[in-house]
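So the structure is just underneath, and the comments pick up after that.
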2 protein chains.
Amino acid sequence: MAGEKVTSMDVARRAGVSQSAVSRVFTPGASASPKTVAKVRKAADELGYRPNVLARGLITGKTRMIGLVVAYLDNQFYPVALELLSKALQERGYHVLMFMAGNATEDISHIVDELLDYQVDGIVTASVAMTNDLTARCDTAGIPVLMFNRGQDDPRLSEVTTDNFAGGRQVARFLLAGGHARIAHIAGWQGSSTGRDRAAGFLAGLADAGREAHAVVDGMYHRDAAMDAARQLFDRPDRPDAVFVGNDHMAFAVMDVLRHELGLSIPGDVSVVGYDDVPLAAWPAYDLTTVRQPVRRMVAETVDRLLARIETGDTAPAKIRIPGTLMLRGSARIPQGWTQ
Amino acid sequence: MAGEKVTSMDVARRAGVSQSAVSRVFTPGASASPKTVAKVRKAADELGYRPNVLARGLITGKTRMIGLVVAYLDNQFYPVALELLSKALQERGYHVLMFMAGNATEDISHIVDELLDYQVDGIVTASVAMTNDLTARCDTAGIPVLMFNRGQDDPRLSEVTTDNFAGGRQVARFLLAGGHARIAHIAGWQGSSTGRDRAAGFLAGLADAGREAHAVVDGMYHRDAAMDAARQLFDRPDRPDAVFVGNDHMAFAVMDVLRHELGLSIPGDVSVVGYDDVPLAAWPAYDLTTVRQPVRRMVAETVDRLLARIETGDTAPAKIRIPGTLMLRGSARIPQGWTQ
DNA sequence: TCGCATTTTGCATACGCTTGCAAAAATGCT
DNA sequence: AGCATTTTTGCAAGCGTATGCAAAATGCGA
């Protein structure tokens, strides 16, 4: 616990140059003669000097920190995304400052305050909704916001999602082709764009064939709610013979109920399809047919867009929609000769 | 994108007081008359002023940021811990700055540099090993380090773990009481203290009864490695009838192999016991008997100790060891009349 | 060698805030 | 009311760095 901070001034003295010379050596764009660079580098190494990012940030107005707002991490999709996001930002010299949010708006408002306090250069929200009011606050503060895996109507907002409507529709086509008679939907939270879009696409896909959903229930993206929904839908004579569940996290819950509470076989009695393709979906215990969201690409887009706005001031908000693909596995009957 | 920063100076002018008065109103310990407080608060609200945490940090030397170093998030234990940690710190006015690390030492060294650049007030490492050299660097910089769920011999290091040795031993007793004949261990990474301690405790527990492990293999805390280990151990005539797996993440992999590749029944043919008790362990698809690590308590301890060192300078390193408890579920035969 | 264009360098200031110090205001006491 | 004490206030210095500006150093061609 020595606590001895070594500053650019210390390095300057030891190298026999001015403090500004030291600063220039550590500032990418600046000019310094080879001789000075050498002297400064040497002195800096000997003293173990590294520039103070915060002091630098005070002047440049850039902290190289990105605020990430997340509501929960129990859905495996988010830790995976977080890991990739954090790594990608790290490679480009940024770091993630975490903010856990409840879903209450008031809570989020509080968090936006804190984000601004820390002078983050940009904000990524995941599994969280921003109100227009909050977006405005960030806007006037000049901080770009990007919504990851969630959309919002406000055209000033940037977002990166998969094409949830198309994904839902494709699931409908797939289940119809499989010859299912009673097709139900345990939907994602209808307060979220993903939940609504997937449901709408799914219903549209059924409608394309002149069909309707046997039942639609909101599973709230919660394991418990999804289990309740499954019980409600399946514990009766006219139970569905196929169900599209709004994300994998809920789909696992539904499968657990079907198999272990109701003794149904998958896909014998019921076909189950999810959304996300989290790693667990590929494990044989679930072997879940699901729509893959290409997380790597989503993260790459997120980083590119956000940093473009930060670094080049490229200010146009973007709504980026990446296609998803249906992963065929064992939890749903595969139609004869089915090709995507 | 207005970018209009409002500073304490702006507030001061509007409230008709000095800049220092504004500062005092926003500094917990400082003194200001009720009248001034009122004027300043009013002006601040009207302008939407909030103190700049970074500028404050430059003076106080405290950034209210805790660096978190993690190697991977695919083992569910870590996202859960991260969520709790982040929330707990948030409640006490701190925030988590994320650093993803590969396991290479050189990589970690790089990360320590960056941690120091950001002037974090403290560091938590999880699923990552620090070398003594790195610890020293943080020490001289006056930044307390706390290892979460990983120990190290260096007495200067603080750590929070469960009693892995005791946990391993209890599993041994449990499996012995269950009358198993050939008890194997797919161990956690032997480069980590948790991996070693659990294995050692387990072997000690067997030895207590004059028994030996039927086989011990290192599963590296990796899904793929654990699957290979399972194949190697079980795809032969004298296969084990019980296996203790070094953590839940690997245990799921092992169960998948046993059931879906080798067609074995659990616990009919083989009893499986894990370590951690991640949420997934309680889902009926796995229903895994496992040693619970009380994450909430671990996190609470972590936060308490770390902030104590930061805020009160309480400098004594601590090795905190919390007891775990065996959660009885369906993946392992339960001995008649077994009580913990 | 000298003059000119170009780099490199140091000085000084600023970023937004906290805090020691001394002056000013408020308070309590006789 | 008058004085001693306490509280509140403003001033100014500083935290560690970046950067515009002018002065010094360098390079180049003739």
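Throughout, a chain's letter reflects where its sequence line sits, starting with A, and its residues are numbered from 1. Keep in mind the model is a prediction, meaning the values are calculated, not measured.
Look at B:S8 and you'll find a side-chain N or O under 4.0 angstrom from OP1 or OP2 of C:dC17. The side chain of A:S33 places an N or O atom within less than 4.0 Å of a non-bridging phosphate oxygen (OP1 or OP2) of C:dT9. The phosphate of C:dC17 has neither OP1 nor OP2 within less than 4.0 Å of any side-chain N or O from B:S23.
The aromatic rings of A:F99 and A:Y118 lie perpendicular to each other, with more than 60° between the two planes, well past the 30° mark.
The two atoms that bring B:A32 and B:V37 nearest to each other are CB-CG2, 3.8 Å, heavy atoms only. The shortest non-hydrogen separation linking A:R41 to A:V25 is NH2-O, 3.9 Å.
In summary, A:R297 and A:D304 do not engage in a salt bridge, as defined by a charged side-chain N under 4.0 Å from a carboxylate O.
If you run side-chain contact (heavy atoms from CB on, under 4.5 Å) between A:S158 and each of A:R305, A:M147, A:R309, only A:R309 comes through.
Taking atom NZ on A:K35 and atom P on C:dT8, their separation rounds to 11 Å, with Å as the unit. Between A:I59 atom CD1 and D:dG20 atom P the separation is 11 Å, expressed in whole Å. We find that CZ of A:R13 is positioned 11 Å from P of D:dG16, with the value rounded to whole Å. Rounded to whole angstrom, the span from the CG atom of B:L58 across to the P atom of C:dA14 amounts to 17 Å. Summarising the geometry, the separation between CG on B:N52 and P on C:dA14 is reported as 18 Å, rounded to the nearest angstrom. Rounded to an integer number of Å, the gap from CD of A:Q19 to C1' of D:dA18 is 8 Å. One can place OH of A:Y49 at 7 Å from C1' of D:dT17, the figure rounded to the nearest angstrom. Counting to the nearest Å, the C1' atom of C:dT19 and the NZ atom of B:K62 are 17 Å from each other.
Among the nucleotides C:dT8, C:dC11, C:dG16, the one closest to any side-chain atom of A:S18 is C:dC11.
For a distance-only test at 3.5 Å, the side chain of B:S20 fails to qualify as a donor-acceptor partner of the base of C:dC17. No donor-acceptor contact under 3.5 Å links the side chain of B:T7 to the base of C:dC17. Taking only distance into account, the side chain of A:R24 meets the base of D:dG20 through a donor-acceptor pair shorter than 3.5 Å.
Contact annotation for B:V17: backbone-only contact, meaning every heavy-atom pair under 4.0 Å involves sugar-phosphate atoms and none involves a base. Within the 4.0 angstrom heavy-atom criterion, only backbone atoms of the sugar-phosphate kind lie near A:T27; the bases stay farther away.
Of the residues near DNA chain D, A:T60 and B:T36, the one whose nearest nucleotide (by heavy atom distance) lies more toward the 5' end is B:T36.
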